[in-house]
Number of protein chains: 2
Amino acid sequence: MQPGSDEQDWREDCAPRRTMEIFATKWTSMILHTLHAQHGGAARNGMLLRSLPGISKKMLVQTLREMEESGLIDRHVESTVPPAVEYSLTPLGIRFVALVELVYAWGRDNADALDQLQARATSRRNG
Amino acid sequence: MQPGSDEQDWREDCAPRRTMEIFATKWTSMILHTLHAQHGGAARNGMLLRSLPGISKKMLVQTLREMEESGLIDRHVESTVPPAVEYSLTPLGIRFVALVELVYAWGRDNADALDQLQARATSRRNG
DNA sequence: CCGTATCCCTTACGATACTG
DNA sequence: CAGTATCGTAAGGGATACGG
C-alpha cells in the first residue's frame with residue numbers, strides 16, 4: 001500500500017465528500033459570503049437578489065431552501081404586511097463560511113496567475 | 001451602502017468566482033488530493049482510477065484534461081510499450097491543493113454535525 | 001495501459017408569469 | 001416583499017464498446 005492516500009480517502013458519502021458537494025451548488029458559497037459580510041450575518045431575500053449578479057429568483061429561493069435543509073442557515077419570518085423574511089447563519093454555517101472566505105481570498109491572491117492562464121487558453125483556442 | 005459586501009464582491013468572471021468553479025467540477029478536488037498524497041505529487045492514470053470509488057474512465061480523463069487546461073496539473077507521457085502516463089501538480093496546483101486539504105479536514109472535523117443533520121433530514125422525509 | 005467515441009439520462013439552471 | 005408554477009435548455013455525468 002502506498003503512503004498517504006488510499007482507497008478509503010474518498011468513500012462515497014463520507015463527510016469530506018459531502019462538504020465538497022456544498023461547494024458544488026453554484027450559488028451556495030456566494031450566498032454565505034454575502035450573509036457573512038452583513039452586520040449580524042443576516043439578510044433579506046431582496047438584498048441577496050441584488051447582491052448576486054446573475055442569480056434568478058427561482059435559484060435564490062431554491063438554494064436557500066437547500067441550505068436551510070443542510071443546516072447552514074436559518075429562516076425567520078416576520079408576519080407583517082408585506083412579509084419580511086430574514087436569513088441568518090447557523091453555527092454550522094458560521095464554521096463553514098470560514099472556508100468560503102479562505103477560497104475567496106485565495107482567488108483574489110491568485111487572480112494574476114488565473115488571468116494569465118485564461119489568456120493563454122483563449123489565444124490557444126483562437127490560433 | 002452597507003458595510004462589507006456589495007454588488008462588486010461576486011462580479012461574473014472574477015477570480016474568486018472562477019476559483020469556486022474549480023470546486024464545482026465533481027472530481028477535481030479528489031484528484032488533486034490523491035495526487036498530493038502520493039510521494040512526489042504524481043500518479044498514473046490507473047492508480048487514480050482505483051483510488052476514486054465511483055469515477056468512470058470517461059470522467060477521469062475528461063477531468064484531467066480540464067485540469068491540465070486550467071494549469072493545475074502537468075501530463076507527462078513516457079513512450080514505452082505499453083505507454084506510461086504520469087500526472088503531477090503544477091505550482092498553481094500545489095497552491096490550490098492547500099485549499100482542498102482545508103476543506104477535507106473541515107469535513108472530517110465536522111463529520112458528526114453533518115451526520116446528525118443528515119439523519120434529521122432523512123427522518124423528516126420519511127415521516 | 002491509455003485514450004476515444006457513442007448513447008442516454010438526469011440534474012442544474014434560467015426566463016417568465018402569476019399569487020398572497 | 002416573498003414565494004410558486006411551468007417550461008425549456010444546457011451541462012454533467014455514467015455505461016459501454018472500440019482503437020493505438
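Side-chain atoms are counted along with the backbone in the values below, which use heavy atoms only and exclude waters and symmetry mates. All figures in this text were calculated on a predicted structure; none of them were measured in a lab. Residue numbers start from 1 in every chain, and the chains themselves are labelled A, B, ... in the order their sequence lines are given, proteins ahead of strands.
- Considering only side-chain N and O atoms, A:Arg44 lies under 4.0 angstrom from the phosphate OP1 or OP2 of D:dA2.
- The distance from atom CG of B:Leu92 to atom CD1 of B:Ile22, rounded to the nearest 0.5 Å, is 7.0 Å.
- In this structure, A:Arg17 atom CZ and D:dG13 atom P are separated by 11 Å, rounded to whole Å.
- Base contact: A:Lys57 has a heavy atom under 4.0 Å from a base atom.
- Ion pairing of A:Asp115 with B:Arg18 is present here, as a side-chain N (NZ or NE/NH1/NH2) and a carboxylate O approach within less than 4.0 Å.
- Across the protein-nucleic acid pair, A:Leu64 atom CG and C:dC13 atom P stand 13 Å apart, rounded to whole Å.
- Here the nucleotide nearest the side chain of B:Ser56, chosen from C:dC13, D:dG14, C:dG20, is D:dG14.
- Residues A:Gly54 and A:Pro83 both approach DNA chain C. Their nearest nucleotides, taken by heavy-atom distance, put A:Gly54 toward the 5′ side.
- Distance B:Leu60 CG to C:dG3 P: 8 Å, rounded to the nearest Å.
- Taking atom CD on B:Gln62 and atom C1' on C:dT6, their separation rounds to 14 Å, with Å as the unit.
- Picking from C:dC2, C:dT4, D:dC1 the nucleotide with the shortest atom distance to the side chain of A:Pro82 gives D:dC1.
- Atom CD of B:Glu78 and atom P of D:dG20 are 22 Å apart (whole Å).
- OP1 and OP2 of D:dG12 both lie 4.0 Å or more from every side-chain N or O belonging to B:Lys58.
- Between the CG atom of B:Leu64 and the CD atom of B:Glu69 there is a distance of 13.0 Å, given to the nearest 0.5 Å.
- By the 30° and 60° cut-offs, the orientation of the rings of B:Trp10 relative to A:Tyr104 is perpendicular.
- One interatomic measurement links the two molecules: CG of A:Leu48 to P of D:dA2, which rounds to 9 Å at whole-angstrom precision.
- Proximity of B:Tyr87 to the phosphate of C:dG3: a side-chain N or O atom is located under 4.0 Å from OP1 or OP2.
- Protein atom CG of A:Leu49 is 14 Å distant from nucleotide atom P of C:dT16, rounded to whole Å.
- One can place CE of A:Met59 at 14 Å from P of C:dT11, the figure rounded to the nearest angstrom.
- Taking side-chain N and O atoms only, B:Arg65 has no distance below 4.0 Å to OP1 or OP2 of C:dC2.
- Shown are B:Met59, B:Met67, B:Glu66, B:Gln62; of these, the side chain to side chain contact (heavy atoms under 4.5 Å, CB included) with B:Thr25 is made only by B:Glu66.
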